[in-house]
2 protein chains.
Amino acid sequence: MLRLTTQRQVILEELSKVTSHPTANELYDLVRKRLPRIGLGTVYRNLELMADNGMILKIEVGGTQKRFDATTENHYHIRCAECGKVDDLDIPVLNNLVAQAAATTSYQIIGHHVEFTGTCPACQQRLAREQAAQ
Amino acid sequence: MLRLTTQRQVILEELSKVTSHPTANELYDLVRKRLPRIGLGTVYRNLELMADNGMILKIEVGGTQKRFDATTENHYHIRCAECGKVDDLDIPVLNNLVAQAAATTSYQIIGHHVEFTGTCPACQQRLAREQAAQ
DNA sequence: TTCGAACAGGATAATAATTCTCAATATAGT
DNA sequence: ACTATATTGAGAATTATTATCCTGTTCGAA
């Protein structure tokens, strides 16, 4: 069974503190402020373990890195195509979609996720500035 | 501008032939049967270029690899949590969802994608067999 | 308590997927 | 044909993640 070690506790606390959806590496930076000797492998290992135990959510969106979320209820995300930032979207979860999908596939459905792509406010501004500069 | 080299033509043809959603590496194997001297880098480079030009679709789903699709219209996918296989789902695209999302975010929305996770028929059988064997 | 087994951590090596670099080649337009 | 540009193949480099290995910790049973 899963022990609540100091490392796990701090990882969980730091993840809960932020509203962003940090990557393992971003979380590593946060946690290291409190546990300077922690290893990156430990962060990866424990994020994976906690996700498997339903304590946190592993968000497998597009982009190159996995992201994590202390909120475990299903909700949707929007990802910035420029900088990779991920934010929550405040729209209701489409539970009827699962039934609809189940009717048309021979897969046994586990869950679903909706991911929007877009340009975040910061990148919109940056792009506008770059346009103007030319 | 974009030349239609032999390599690009063959990559596009092979991608169009299959109904699966091959990874760059799977496509590399297919293409190599016709162009044995092609490099993996060329496959990656051209898939990226063709996706940028809207000739094909780059599917950034969960899992560790990007996948590609000769169909460019938006449609939804289901991915096997066991083996990573990706199939199309025959359910209508929710265009109203974009408007809904636009109303609740300051991102400028580009697009959206719905991804279901599940267990594909083959893995269901395999898992059932493994269960029985114990 | 103390002994042993299982658990967990940190450091580092290994792997996987993708991207980059660069010299050589091919192509289009003049 | 000539030149500028685009493209290729080979391999190195990078990035993100996972595995390994050894050491220290903790939990229970004796």
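Reminder, nothing fancy here: chain letters follow the sequence lines and each chain counts from 1.
Pairing each heavy atom of A:P22 with each of A:L27, the nearest pair is CG-CD1, 4.0 Å. The two atoms that bring A:A101 and B:L89 nearest to each other are CB-CD1, 3.9 Å, heavy atoms only. Between B:L47 and B:I11 the shortest heavy-atom distance is CD2-CG2, 3.9 Å. Shortest non-hydrogen contact noted between B:E26 and B:T23 is OE1-N, 3.0 Å. Closest approach of B:Q124 to A:S106, counting heavy atoms only: NE2-O, 3.1 Å.
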Protein proximity profile, nucleotides 21-30 of chain C - base contact B, sugar-phosphate-only contact S, no contact -, cut-off 4.0 Å on heavy atoms: ------B---

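The interatomic distance linking A:D52 (CG) with C:dA8 (P) rounds to 13 Å, in whole Å. The CG atom of B:L27 sits 15 Å away from the P atom of C:dA17 (whole-angstrom rounding). In this structure, A:E60 atom CD and C:dA17 atom P are separated by 14 Å, rounded to whole Å. Here the P atom of nucleotide C:dC7 and the CE atom of A:M50 are 18 Å apart, to the nearest Å. In this structure, B:N46 places its CG atom 11 Å from C1' of D:dA6, rounding to the nearest Å. With rounding to whole Å, B:R37 atom CZ is found 8 Å from D:dG9 atom P. What separates CG of B:L49 from C1' of C:dT19 is a distance of 13 Å, to the nearest Å. When rounded to the nearest whole Å, the span between CG of B:L4 and C1' of D:dT8 equals 15 Å.
Side-chain contact annotation: B:H21 with B:D87, donor-acceptor N/O pair under 3.5 Å absent.
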Could you go through nucleotides 16-18 of chain D and list every protein N or O atom that sits under 3.5 Å from one of its N or O atoms, giving the distance for each pair?
unit_1: D:dA16; atom_1: OP1; unit_2: A:Q65; atom_2: OE1; d: 3.4
unit_1: D:dT17; atom_1: OP1; unit_2: A:K66; atom_2: N; d: 2.8
unit_1: D:dT17; atom_1: OP2; unit_2: A:Y44; atom_2: OH; d: 2.4
unit_1: D:dT17; atom_1: O5'; unit_2: A:Y44; atom_2: OH; d: 3.4

Tabulate protein N/O versus nucleotide N/O from nucleotides 12-14 of chain D, keeping only pairs under 3.5 Å, one per line.
none

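Mapped onto DNA chain D by nearest heavy atom, B:L2 and B:P36 fall at different nucleotides, with B:L2 at the one closer to the 5' end.
In this structure, A:F68 and A:L15 have side chains that are in contact, with non-hydrogen atoms separated by less than 4.5 Å.
Considering B:V10, B:V31, B:N46 in turn, B:V31 is the only one that fulfils the side-chain contact (heavy atoms from CB on, under 4.5 Å) rule with B:I38.
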Trace of the salt bridge (Lys or Arg N to Asp or Glu O under 4.0 Å) decision for B:R67 with B:E60: CA-CA 7 Å; B:R67 291 173 173 274; B:E60 300 199 28; over 6 Å; no

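Note: B:H113 and B:H77 have tilted aromatic rings, judged against thresholds of 30 and 60 degrees for the angle between ring planes. Note on ring orientation: taking the six-membered ring where Trp is involved, the planes of B:Y76 and B:H112 are perpendicular (angle over 60°, cut-offs 30° and 60°).
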